[in-house]
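Comments concern the structure below.
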There are 2 protein chains.
Amino acid sequence: MNDFIIKGNIVDSECPDRLRVVENGSIVVTDGLCRGVFRALPEQFAGLPVQDFADRLVIPGMSDLHIHASQYAFRGLGMDMELLDWLNTYTFPEEAKYLDRGYAERAYGGFVEALRRSPTTRAAIFATIHPEASLLLMEKLEASGLRSFVGKVNMDRNCPDSVREPDAETACRETEAWILEARDRFTRTEPILTPRFVPTCSDGLMEGLGRLRKRYDLPVQSHLSENGGEIAWVKELSPASRFYGDAYARFGLFGGDHRCIMAHCVLSEDEELALIEKNGVFIAHSPESNMNLSSGVAPVSRYLKLGLKVGLATDVAGGSHESMFKAVQHAIQASKLRWRLLDESVKALSFAQAFWLATAGGGAFFGKVGRFGEGYDFDALVLDDASLFHPQPLDVRSRLERMIYLADDRNIIAKYVAGNRLF
Amino acid sequence: MNDFIIKGNIVDSECPDRLRVVENGSIVVTDGLCRGVFRALPEQFAGLPVQDFADRLVIPGMSDLHIHASQYAFRGLGMDMELLDWLNTYTFPEEAKYLDRGYAERAYGGFVEALRRSPTTRAAIFATIHPEASLLLMEKLEASGLRSFVGKVNMDRNCPDSVREPDAETACRETEAWILEARDRFTRTEPILTPRFVPTCSDGLMEGLGRLRKRYDLPVQSHLSENGGEIAWVKELSPASRFYGDAYARFGLFGGDHRCIMAHCVLSEDEELALIEKNGVFIAHSPESNMNLSSGVAPVSRYLKLGLKVGLATDVAGGSHESMFKAVQHAIQASKLRWRLLDESVKALSFAQAFWLATAGGGAFFGKVGRFGEGYDFDALVLDDASLFHPQPLDVRSRLERMIYLADDRNIIAKYVAGNRLF
């Protein structure tokens, strides 16, 4: 039985532009789902067990729409290059290590424990090309209580042998076996098709993945329009595509009949954005990564105005930290610099908007997730700011804003995913 | 007696572009001063007591060239405005509270304890206009063991009555009394003249402060060319000045015959930079604040190339956090976005350069500070990264880079200022 009441100072998003704050409120949870947020508890729920978090804050869990588990080991390192050189110099050599089960065991162990302690309750995760290590990662995620999509990565060209699948056929065969085993073994941890990005995926591989996608009705994740050099290269490699995203769409890997996440979209042009909108593709905005790799800043408030589906992402190890709190902060800061330095017609993100992106915006990829609305999965964080000195009374909204800038893992004292308490 | 040897993995700056790494090295300290860094300890020092920090990192303490103690209470809040509105809406009402000794006691207590635990060993600090509260702050700083300059703020126009000194004469009289008392009572904590910025300081006040500066041979700190609206306003208010910095220089408050820090310099033009160079003015680069208040990004690598004196600053509460580690990270990230979005002729900062700014660059304001060179004050942090998971061996330089992105107060296990251990 998963029915209970949570008491505390409750904050979630009413809409992308506005927070809802209920001081000393109650959230009723039945069967792991929210029944509503109440200022005064209705009589009918009087018998349910109560977890009273008193003056602490209760907010929705956060969804990280793009994170590389296999890059966690070198987070905070090697930030002196742009995307393509960074991949060749740091990333591919690191990802090659996941052929070694012992290494994967240690590295993924550290990653999953950090994610478990973080503000993230849901994540869309890249592993590597290695099926065994990818299953190991999924096993650890499953045990953690988090909900996630995990992609065994596909790539069969333009990368070192150590991280290249030998050919499209082998890649698809191994990917299919991985899908079947993952589906068989896990319930909270689902496979997601993961062509790394167009430069490393041959047409044959894309075709094969398109077939697998349909056969198993899978979602898709990849990278899109992150960096100028990357986009120019895609144009060369795929001259038949009208724009970068079209190089996925041609193979049925760009949303429409399936859920799809494209990370970055820093430089997407109108035609690409039109297809993103039409196909309901989720944009994983990765502000810290886009700063660290000198990619730029996606015009997120424009995307919100256009009604696109946007969520937030840490993109470790382009981003240095797994904390979605930091991603919220970086999203606001980067949007201000974009406004100031590049284009005053695209407004900076407000705190409410950035918070919405991290909760409801990205949560929508996972279903009814990221708010405390009726019927939503109960994903929640309980935050204690007693350690963050303040000499004056602060209202709940201010306490939340401050925590996003100042809090770390010590300030998260309880975490729920789909009604289950993780700690 | 303050003679000892520190052992550990030692890192400091050889020059702005290059780190010096000495694995398993020794720093010899006599009379609180560095005698040198040694791979093998010379015979002559064999008798000194040894603090062996084994595999941990030992780096120079950091100098925060610009931080508002009186804004610490609202750090991480109210980041939805530009400078001038932000001052009127959030900052001035907060600073008015420091008339109340009880409030100052609580708020400055929290600030000083946070600074003591932070990577900062030296700081140039703004208080408020209130002499009593400013002395209280200095008393707490003195007791902390940190070394600092503290400014009782001066302003007598264009601000609410609650934070305005009644007239230039009163302001100067109270400031002089504060200087005399501070000089009498403190040794580690020195007064610094602090006209807030041109818009809030009448010519009469500036003249008076210029006289006090000479009479007591004091250093000066203020704000310069942070925001477009501010610069336009200065032009209106001070039509006789050729540029913003000239409005300080006219009154002998812009370096030359004294030490001077100007915070920001985001938008300084050539004539201003020429005077900054000529007068040896220190620029306090405040990257997070310049993001949060949508001011822009100072072209720091250009300033380094010009040979200007530059250090780094948190600028709390324009910046959200007192950690200079975060300032290093923000300096690199902001410089990358400036390069990408605004001007590819000004290079992004390297990790070595940003580390230099935070240590040797800003340290130079305080004397021979910020490196482990012979004759330098021994300011040091001992860093333990055992809590920062990694599945693979990392070299010392990588461990340092990673700590700057990932570490918090838990990772600083010892701190020395001028040879004295604070914890």
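First the proteins, then the strands, lettered A, B, ... as listed; each starts at 1.
Proximity to chain B (any heavy atom under 4.5 Å) is restricted, for A/S295, to the backbone atoms N, CA, C and O. Heavy atoms of A/E113 lying under 4.5 Å from chain B are absent altogether. B/Y72 touches chain A through its side chain: at least one heavy atom from C-beta onward sits under 4.5 Å away, while N, CA, C and O do not. In this structure, no portion of B/I332 lies under 4.5 Å from any heavy atom of chain A. Using a 4.5 Å cut-off between heavy atoms, A/I404 makes no contact with chain B at all. Using a 4.5 Å cut-off between heavy atoms, A/R397 does not touch chain B at all. When heavy atoms are compared at a cutoff of 4.5 Å, A/E94 approaches chain B solely by way of its side chain, counted from C-beta outward.
The aromatic rings of B/H330 and A/H330 are tilted relative to each other, their planes meeting at an angle between 30° and 60°.
Contact count versus chain A (heavy atoms, under 4.5 Å) is highest, among B/S294, B/A334, B/S350, for B/S294. Options A/G78, A/G228, A/A114, A/A107 differ in how many heavy-atom pairs under 4.5 Å they form with chain B, and the most are formed by A/A107. Of the listed residues A/D80, A/L388, A/L342, A/L337, the one with more heavy-atom pairs under 4.5 angstrom with chain B than any other is A/L337. Comparing B/K326, B/Q333, B/R399, B/R410 by heavy-atom pairs within less than 4.5 Å of chain A, the highest count is held by B/R410. Most heavy-atom pairs under 4.5 Å with chain A, from the set B/Q392, B/H321, B/E105, B/H390: that is B/Q392. Counting heavy-atom pairs closer than 4.5 Å to chain A, the top residue among B/G109, B/S335, B/A348, B/G296 is B/G296.
Of the listed residues (A/L341, A/V297, A/N227, A/L293), just one forms a side-chain contact (heavy atoms from CB on, under 4.5 Å) with B/R340, and that residue is A/N227.
The two residues A/Y103 and B/P391 come nearest to each other via the heavy atoms OH-CG, 3.5 Å.
Between A/Q329 and B/E288 there is a side-chain heavy-atom pair separated by less than 4.5 Å. B/Y405 has its side chain within reach of A/M79: a pair of non-hydrogen atoms, C-beta onward, lies under 4.5 Å apart.
Remark: side-chain polar atoms of A/K336 are paired, donor with acceptor, to backbone N or O of B/N292 under 3.5 angstrom.
Taking CG from A/D395 and CG from B/L77, the interatomic distance works out to 8.5 Å, rounded to the nearest 0.5 Å. Going from atom CD of A/E401 over to atom CZ of B/F74 covers 11.5 Å, rounded to the nearest 0.5 Å.
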